[in-house]
Amino acid sequence: YAQRMIHLLSAQTANGRLYEIDMRLRPDGNAGMLVSSLNAYEIYQQEKAWTWEHQALVRARLVCSNAQLKAEFGRIRRTVLMKSRDEMTLAKDVVEMRQKMRDALGSQPGSAYFHLKQDAGGLVDIEFLAQYGVLLNAQANPVLLESTATRQILKQLAECQLMERREVKTLADAYQAYRALSHQLALQEQSSQLEQNPLEETVEAVKVIWSDVLNKHRVVD
């Protein structure tokens, strides 16, 4: 049944593959079972999951389920995301994972190109800042768990006085601009790797906020 679901979700259509399914990202990786019980999933999230997996949980939402599964998943998600976290350790984990992604998926050092999503100051930086804010503050501010959308999370961070409204507006506007350009490129069947970046000032503004938010933890130069 699991293999059938993977086949359906990754079907090749006239417009390309429906979804990219990477089963290596399941709990315990290639050694893990394709299907886990809720109890096993909860234990994994509480005891084994890495910080980046909890970042993914910030954005996780059910697509289809019965009422019992929806309630249990919501409980597990809230319990995991509301754990108390050491600020220094969390910031270090977020910065290190972001750098790994840039190295693997972004532009090569010295390249004249800019990757809209993966390079420093790009779209994923904004998503990581929002996820960092949730993981650091959800215990005292459960309202941060109400939405999985990045811009809404940023808005909640401002309303909880956890980020300056000026910074949140800059990030939210940048995120909207990045997403709009990304969709345009996708519709034109073009890469997110830009030779000429029309959003250079926006990129620099995001870099400054990234540094300001994480500098206090002394993990960013």
Side-chain angles (χ1 to χ4, degrees), residues 1-3 5-6 9-10 19-66 68-106 117-118 122-150 152-154 156-157 160 162-163 210 213-214 217-220:
Y1 184 77
Q3 291 175 337
M5 287 296 297
I6 294 169
L9 288 169
S10 58
Y19 293 102
E20 294 289 342
I21 308 297
D22 190 348
M23 296 308 298
R24 295 172 299 177
L25 299 178
R26 67 186 184 270
D28 296 315
N30 286 335
M33 299 181 66
L34 285 178
V35 180
S36 298
S37 67
L38 274 175
N39 184 55
Y41 178 73
E42 183 171 11
I43 291 172
Y44 177 83
Q45 287 290 345
Q46 291 284 6
E47 300 178 3
K48 299 180 180 180
W50 294 22
T51 297
W52 67 265
E53 293 177 280
H54 289 169
Q55 288 180 243
L57 200 58
V58 171
R59 301 186 63 185
R61 60 186 177 88
L62 287 178
V63 175
C64 180
S65 75
N66 59 39
Q68 181 182 358
L69 178 59
K70 180 179 181 180
E72 279 298 289
F73 174 76
R75 178 188 63 79
I76 294 170
R77 179 176 179 271
R78 286 192 303 274
T79 301
V80 172
L81 296 182
M82 290 179 68
K83 290 174 63 176
S84 176
R85 291 175 168 82
D86 176 74
E87 293 184 45
M88 177 72 80
T89 301
L90 177 61
K92 181 174 179 292
D93 287 349
V94 169
V95 170
E96 288 181 351
M97 177 51 66
R98 186 68 193 96
Q99 190 58 53
K100 287 180 181 179
M101 292 180 67
R102 289 174 186 154
D103 292 343
L105 303 171
K117 296 180 179 180
Q118 296 297 343
L123 187 145
V124 178
D125 275 15
I126 301 174
E127 294 177 340
F128 267 49
L129 284 167
Q131 293 157 15
Y132 169 77
V134 172
L135 293 179
L136 183 61
N137 298 293
Q139 185 180 45
N141 301 272
V143 68
L144 296 174
L145 304 181
E146 292 181 358
S147 177
T148 61
T150 298
Q152 184 61 31
I153 290 172
L154 291 170
Q156 293 287 8
L157 287 169
C160 293
L162 299 168
M163 286 188 72
W210 172 273
V213 170
L214 293 167
H217 304 292
R218 300 178 183 177
V219 293
V220 176

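- A side chain to side chain contact (heavy atoms under 4.5 Å, CB included) with V80 holds for exactly one of R75, Q46, E53; it is Q46.
- Separating the CD1 atom in I153 from the CE atom in M163 is a distance of 12.0 Å, to the nearest 0.5 Å.
- Rounding to the nearest 0.5 angstrom, the gap separating the CD atom in Q156 from the OG atom in S147 is 7.5 Å.
- Each of L145, L57, N141 was compared with V134 under the side chain to side chain contact (heavy atoms under 4.5 Å, CB included) criterion, and only L145 meets it.
- Salt bridge E96/K92: present, at least one basic N to carboxylate O contact under 4.0 Å.
- To the nearest 0.5 angstrom, Q139 atom CD is 15.0 Å from R78 atom CZ.
- Of all heavy-atom pairs spanning Y132 and E87, the tightest one is OH-O, 4.4 Å.
- Other residues, nucleotides and ligands place no more than 12 heavy atoms under 6.0 Å from the NZ atom of K70.
- Partners of Y19 according to the side-chain contact (heavy atoms from CB on, under 4.5 Å) rule, which considers only residues two or more places apart in sequence or in another chain, are L9, I21.
- Taking CD of Q152 as the reference point, atom CG of L144 lies at 10.5 Å (rounded to 0.5 Å).
- One distance of note links CG of L90 with NZ of K83; it measures 11.5 Å at 0.5 Å rounding.
- A cation-pi arrangement is not found for R59 relative to W52, the charged atom failing to lie both closer than 6.0 Å to the ring centre and inside a 45° cone about the ring normal.
- Atom CE of M33 sits in a sparse spot, with 12 or fewer heavy atoms from other residues, nucleotides or ligands closer than 6.0 Å.
- Proximity of R98 to V124: side-chain heavy atoms (C-beta onward) are separated by under 4.5 Å at one or more points.
- Side-chain contact between F128 and V213 is absent, with no heavy atoms from C-beta onward closer than 4.5 Å.
- In this structure, M82 and P142 have side chains that are in contact, with non-hydrogen atoms separated by less than 4.5 Å.
- Residues R102 and D125 are paired through a salt bridge, judged by an N-O separation under 4.0 Å between the basic side chain and the carboxylate.
- The minimum heavy-atom distance linking L136 with R85 is given by the pair CD1-O, 4.5 Å.
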